[in-house]
Structure formats: C-alpha cells, structure tokens
Amino acid sequence: MLQARTLRLHQGSRIEAVCVLGTQLCTDVYGAAPADAVSFSVKHTDGVRVEVVTNDQTEEIPANGAKRWPLDKGTTLRLSMSKASTEVNDNKVNVNYYSENGEHPVDHAGIFLTGIGISLDVDADRDGVVEKNNPRKATWTWGPDGQGAILLVNCDKDNPLISMLDCEDEKVFSKEDLLDMARMVLRTEGPQRLPPGYEMVLYIPISDSDKVGVFYVQNPFFGRRYIHVLGRRKLYHSVKYTGGSAELEFFVEGLRFPDDSFNGLVSISVSLLESLIEGIPQAPIFTDTVVFRVAPWIMTPNTLPPVNVFVCSVKDNYLFLKEVKNLVSKASCNMKVCFGYMNRGDRWMQDEIEFGYIHAPHKSFPVVLDSPRDGGLKEFPIKELLGPDFGYVTREPLFEVVTSLDSFGNLEVSPPVTVNGKEYPLGRILIGSSFPTSAGRRMTKVVRDFLYAQQVQAPIELYSDWLTVGHVDEFVTFVPIPGKKQFRMLMASPAACYKLFREKQKEGHGEATMFKGYSGTDTKRVTINKVLSNEVMMEESHYVQRCIDWNRDILKKELGLTEKDIIDLPALFKIDKNGKAMAYFPNMVNMIVLSRDLGVPKPFGPIIEGECCLEEHVSSLLEPLGLSCSFIDDISSYHKMLGEVHCGTNVHRQPFSYKWWNVIP
C-alpha cells in the first residue's frame, strides 16, 4: 500500500521513526540544511531504500554514500522498507552536509528506522481464502472480474436457549455461530515490541456501527473466548501487538440487510498511531482498510427444485391436505404441516412469508422474509423456521397502513431472463401495485425499499389493485420446461376461457354443466350456454382481460418475452360491490409448482363426455411440455375465501448455483 508521510530533519538531529512496509517516508533535505551547505551525501543500511527527488527527477541512492547531490530548493529524500525489523531502530539513514569546497561535512542528521509489516486481510477475491494484502481489498466491484469481500447478516439462531437472532446480541456461544461470519486477519511482522509512543487501533466509521460487528479470538490455545470488539457502541479497539510474525484472527458479522438508507457496503480499518511528544494526541501514520458488501436476500423462482412444502392444517381442509401430500410425495420433497396451535386458524401460508437465502463464498443458508400482515401465522416463522442455519428478516411499517397487497401472494420472482442483452441471472422480483394514475393500494414503502435495495433481482411493479385480494399470483406464474428459455409464463385469461367455451358450444356441448360433483354451495345449474349469454359477466371479463393485458405488456417488455413464451389458462372473474375482481371458478394459474409436478386448483368446469373440459384443455397445454398436472379440490377450503392452492401453500426451494456477486446490476 503506497502511503507517504513527512519527517522533519534538523541539523544534528536524530529521529526515531517507524516505517510500515510498503509505505514511504519523506524528509526535506533542503530545509534541514545549514546555511552554508551546497551539497549532501547519504549513507543507509541495506534494509532501507532511499531515493533523492529533485525537480520531479528521482534517483536511487546506493548504501555506501559515495556520491554527493547538490542542494536545490525542494530536494527531498524518499525512504521505504521492504523487510521487517528484528529489533527497534535496527536500520538507519545518515545525511551529511558539505560547504562549497569542503571535504568534510559541516553538519549531519540521522534517522533511525524500525520496519513493521501491517496488513488487514479479507477474502477479497471471493475464493473462500483470506489472502495476504490484496491490492483491491479496499474497494468493491460487481461482476465475474469483480473484487471485494462478502458479509452475511448473522440472522439465524444457533443457540436454542437464546430468544433473539444471533446478530442482535454481542456474544458468541458456539463455533457454529462463527461459521456464519467472515474471517478477517490482521497480519503483523516486526520486532518483539513497538517503539514507545506507537499503538495499533482497529475501528469502524460511526455510520457502520449498526451494520457490522467484529469478534476477536482470545486465548486461541487455552479455552477460546470470543470478545466483541467492534459494533454497536464500540467504534474502536486497541490491538495488542504480539511481535515477530503474527496473525490475529477476527470474525465479522453483518447486522443489517441493504435498505433504502444503507447501500450494503461497510468498511473496517486498522491504523498505526504515533505520539512522540507527551501531551500531544496520537496521530495516524498508516491506515489499512478493507471493504465488505453485505450479501443480499435472494428469492427463489418456481424453476428451482423444491425442498420443503409448507401448508396449514385447519378444521375444513383435511381432504386438501391429503391431495397436497400425494403431490408432494410424487415430487419427492418434504411436506411440513403447520397445525392449529401455531396457525390459529390462519390458512394463508403463502401470504405470511416468502422464502429466500443469503450466500457468501464460505457459507449459504435459507432466510425467511416475514410479511407485515401479521395474521394468525404471525409467530410461525420465528417459532418454527428460525434456527441454526435458517435465518429471519422482516420489515414493519411505522406509519403506513398495511393492506392486502402487503401479503406475499403479492410478491413473486421470475426465472432468470435476458432483456435486450442485459442478463438477470437470478430473475426479477414481481410486485403488485396500483394503476400508475390512481391512488389505490400499494405494498408498503419499507418492504418495497427493502426489495429494491437487494439490487440483484431488479423489481418490476405490476398492476394488481384491480383484484379484490390484489395479488400478482392471481394472474401470473411460471413453470419450468427443458430448452433454452427453460420456462413458460402462465397467465389467467378470460379471453381463453370464452374461446374454449364457444368452441365447445359449437361442438354441441352448450348444456355441459359446471360445478358438477360439488355440493358445497347452493350454486344454481351453470352451463356453457348460460355463461356465454351472461352479458354482465362478459363485460366484466372484458375489463379483467384489459387489466391482465396491461400486465402482459409490462412483463413481455421487462422480462424479454414473446407470445411464444406465454401460455393462457382459462379463467373467469366477477366484480364485487367495490368494483374489484375475484375468480368465478377456482383460478388454475394460482398453482403450486414442484419441479415438473403441478398442483392445479380443480376448476369444476363443464363436464363433457365424463371429463372436465377445463382440466382437459390445461393438461393439453402443459403436459406436452413434460409437466404433470394434478388437479386439487380447494373450492370449499380456499376458493370460497378468495384464495387457491398457491395461496394456501409455500415452497422452500434450493438456492441458485449462480454466485450473485457475478451479477452486474
């Protein structure tokens, strides 16, 4: 690290100074010279490199001091050391001054030097190893060729006896807790003690005190203790210099995720302080700095393999649970049931939480984002999910009103896409909002700000306020398929439903009956003919289709899709007394995706030749793509309450293999 400081020589003086390896000391030879001196010579020990600088010309001075240089105004000596000292003051530089015709010096000055190596090191090249003195450790850049260390928010809970997150305390109870942190090593080399008046200090800016914490390993050979040295209320720590060649190990944890007031970057510095005169405060003569970026929270799209499926058990969904269990077994993943004592009658698992993860070169673990809706499932993510290597984060608005759009059926993420040459290798977040020209419902600012601040899944805001519930999962989802694009986008479509019904009517099936076999309501006999002759429903469907088409155009543009990438699933909506839309029959786009196995809401469509024509149509669209459709009856336990299969389930998925730091936002 090139870092210069100036020494003030005086006639006949002897200065004792510390030279940190890789830095420079400068001294003004001209200003220190006697009045009658016209030239000077320099002798120095082999451990010192000395250069004379005159009029921007630089020349290295040999150790023997045989040559003389003229004294010009501004002439300076530049000193540096590349080897650490074994003793204090074991290197020196002598300057002799000469008059115009003098053979003997008229005066002299000397500098006694102690060489010390200091390097604060992190994993700046992101390979899992803390390398020594990486020249780019004080900066952070994105992309495959980027440099800079990465920090995880220590938001899990490794000790079951502690009620708070690991990042909320200032203690380390186990080695597992340390594994969530990033290693930082302070490497020093030099004599057995520092010269009098010198001290090393590790510190953070006050602006980072609530964003980063640092622990030091005390007594590494006899009963390790981990001492909290930097973080909340602790801005600096005096580092004990141990002499010789030493490595002091520190562990660094993130305390906060990136947000609207925090760009994700934190810095830690070590300075060598000097105080040569009693009563005058110490001043830094050398500083080494490292920069970390706090790893973002990353969502997982439907195209990633499922690990666990979460669903609530409530008094009226026994048959639903049974069908979901069969689907989960078929998809070879695990089913986790949240029982009544925990869900307190709240069945909307999708709305309470969103699964994601955090990733650094040394560690990755899932993190659940808790929505501000706080229904009966409020305690579920903390009591049932938070634990060792399973983190938790939430954003609670202080003044904003929480609406249905703050439930996480209104938070989805696309698969990876490329748009006009720009890659989004982790996909893009989808948020439902109000129409741009209206003052309708929106997701609260604190949640939206959090999602935007993660940077790696640039959000897209869609128009969902036209729906009674108002969630994006009511009109769009994604399914994985083989091939270059690797997915298809599915959209709810009244137009597709009317087209299908007209085809069936022309084929002579106009009296085919909907909702057959379902006796849970007093639904009057509904046929294809009745649907097609209902002018009010048709007008409402035209309005809904326009709302969906608005979003369709946004998604095509922002995800780089063509019509070939989109599959329309038949759907019908009706308008409530507030002018908002709700599904007329179970909304098939609101499905659960478990790799190639799809749990689709059973639509109870018109029965033709013993088969539901809606199920048959959707299967004909999706099964040729290698997908398998299982139609799940949710009409009494979810659909009647304005939700479907996706609303009542949630999927924890495997993380991306792609390294987020290779993204270029």
Side-chain angles (χ1 to χ4, degrees), residues 302 320 323-324 326-327 331 350 409 412 464 467-469 471-481 487-501 503-504 512 514-518 520 523 526 528 531 537 541 544-545 547-549 551-552 555 566-574 581-608 611-649 651:
N302 287 351
F320 176 83
E323 292 188 59
V324 171
N326 290 337
L327 177 72
Q350 182 67 223
E412 298 299 321
S464 67
L467 288 153
T468 302
V469 177
H471 294 176
V472 294
D473 71 351
E474 296 180 74
F475 60 85
V476 65
T477 192
F478 302 89
V479 292
I481 63 166
F487 72 91
R488 288 289 185 268
M489 184 172 75
L490 310 184
M491 297 201 79
S493 174
C497 189
Y498 274 98
K499 180 183 178 184
L500 177 66
F501 281 11
E503 289 174 356
K504 297 305 177 184
M514 297 185 67
F515 303 109
K516 197 170 183 179
Y518 170 64
T523 305
V526 179
I528 289 177
V531 170
M537 180 176 282
S541 294
V544 168
Q545 189 65 58
C547 294
I548 292 174
D549 287 345
N551 292 298
R552 187 190 198 93
L555 289 164
I566 304 172
I567 297 174
D568 291 312
L569 300 190
L572 285 181
F573 294 80
K574 55 185 178 180
M582 63 180 80
Y584 177 61
F585 58 78
N587 184 358
M588 292 181 286
V589 81
N590 193 270
M591 64 178 68
I592 181 174
V593 180
L594 305 178
S595 297
R596 302 297 168 82
D597 295 296
L598 311 181
V600 184
K602 185 177 181 64
F604 287 90
I607 302 298
I608 299 173
E611 298 289 337
C612 170
C613 68
L614 289 173
E615 291 186 24
E616 190 175 46
H617 179 71
V618 168
S619 296
S620 71
L621 293 173
L622 300 180
E623 292 188 349
L625 301 176
L627 301 167
S628 174
C629 297
S630 297
F631 292 92
I632 297 175
D633 181 356
D634 72 354
I635 197 166
S636 60
S637 53
Y638 291 89
H639 172 74
K640 279 173 53 181
M641 301 172 209
L642 306 183
E644 310 287 359
V645 174
H646 187 258
C647 305
T649 58
V651 185

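The analysis underlying the following values was restricted to heavy atoms, covering all of them including side chains, and did not include hydrogens, waters or symmetry mates. Count residues from 1 along the sequence.
Atom CE of M591 is separated from atom CG of L327 by 11.0 Å, given to the nearest 0.5 angstrom. To the nearest 0.5 Å, atom CG of residue L598 and atom CG of residue L490 are 8.0 Å apart. With values rounded to the nearest 0.5 angstrom, F478 atom CZ is found 9.5 Å from I566 atom CD1. Distance OG/S595 to CG/L627: 10.0 Å, rounded to 0.5 Å. One finds the SG atom of C647 at 11.5 Å from the CD1 atom of I592 (value rounded to the nearest 0.5 Å). Rounding to the nearest 0.5 Å gives a distance of 11.5 Å between SG of C497 and CG of D568.
No side-chain heavy atom of I632 sits less than 4.5 Å from a side-chain heavy atom of K602. Between I567 and V479, the closest side-chain pair of non-hydrogen atoms is not below 4.5 Å. For the pair R488/L625, a side-chain contact is recorded, criterion being any heavy-atom separation below 4.5 Å from C-beta on. For the pair Q545/S493, a side-chain contact is recorded, criterion being any heavy-atom separation below 4.5 Å from C-beta on.
One N or O on the side chain of D634 and one on the backbone of V645 form a donor-acceptor pair closer than 3.5 Å. At distances below 3.5 Å, at least one donor-acceptor pair connects side-chain atoms of D633 with backbone N or O atoms of I635. Looking at Q350, its side chain does come within 3.5 Å of a backbone N or O of T649 through a donor-acceptor pair. Under the 3.5 Å distance criterion, the side-chain polar atoms of E644 are left unmatched by any main-chain donor or acceptor of N590.
Looking at every heavy atom in both residues, V589 comes nearest to D473 through CG1-O, 4.0 Å. Annotation for H617 and P570: closest pair CD2-CG, 3.5 Å, computed over non-hydrogen atoms. The minimum heavy-atom distance linking C629 with S619 is given by the pair CB-OG, 4.1 Å. C612 and P603 get closest at one heavy-atom pair: SG-CG, 3.9 Å. A583 and K574 get closest at one heavy-atom pair: O-CE, 4.5 Å. The nearest pair of heavy atoms linking I528 to F501 is CG2-O, 3.5 Å.
Take K499 and apply the side-chain contact (heavy atoms from CB on, under 4.5 Å) test, not counting sequence neighbours, and it matches E503. Considering only residues two or more places apart in sequence or on other chains, L642 meets the side-chain contact (heavy atoms from CB on, under 4.5 Å) condition with T468, V469, M582. With sequence neighbours left out, the side-chain contact (heavy atoms from CB on, under 4.5 Å) criterion links M641 to D316, R347, W348.
Taking the six-membered ring where the residue is Trp, Y638 and F320 present tilted rings, their angle falling between 30° and 60°.
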List the steps, then state whether side-chain hydrogen bond (donor to acceptor under 3.5 Å, both in side chains) holds for S630 with N326. CA-CA 9 Å; S630 297; N326 290 337; over 6 Å; no
Evaluate N587 against F573 for side-chain contact (heavy atoms from CB on, under 4.5 Å), listing each step before the verdict. CA-CA 9 Å; N587 184 358; F573 294 80; 4.0 Å; yes
For L614 and F585, run side-chain contact (heavy atoms from CB on, under 4.5 Å): C-alpha distance rounded to whole Å, both residues' side-chain angles, the deciding distance at 0.1 Å, then the answer. CA-CA 11 Å; L614 289 173; F585 58 78; 3.7 Å; yes
May I have the step-by-step check of side-chain contact (heavy atoms from CB on, under 4.5 Å) for E616 and I608, ending in yes or no? CA-CA 10 Å; E616 190 175 46; I608 299 173; over 6 Å; no
Show, in sequence, the C-alpha distance, side-chain angles and deciding distance for V476 and N551, and conclude whether the side-chain contact (heavy atoms from CB on, under 4.5 Å) test is met. CA-CA 9 Å; V476 65; N551 292 298; over 6 Å; no
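Here F604 and F631 keep their ring centres 6.0 angstrom or further from each other.
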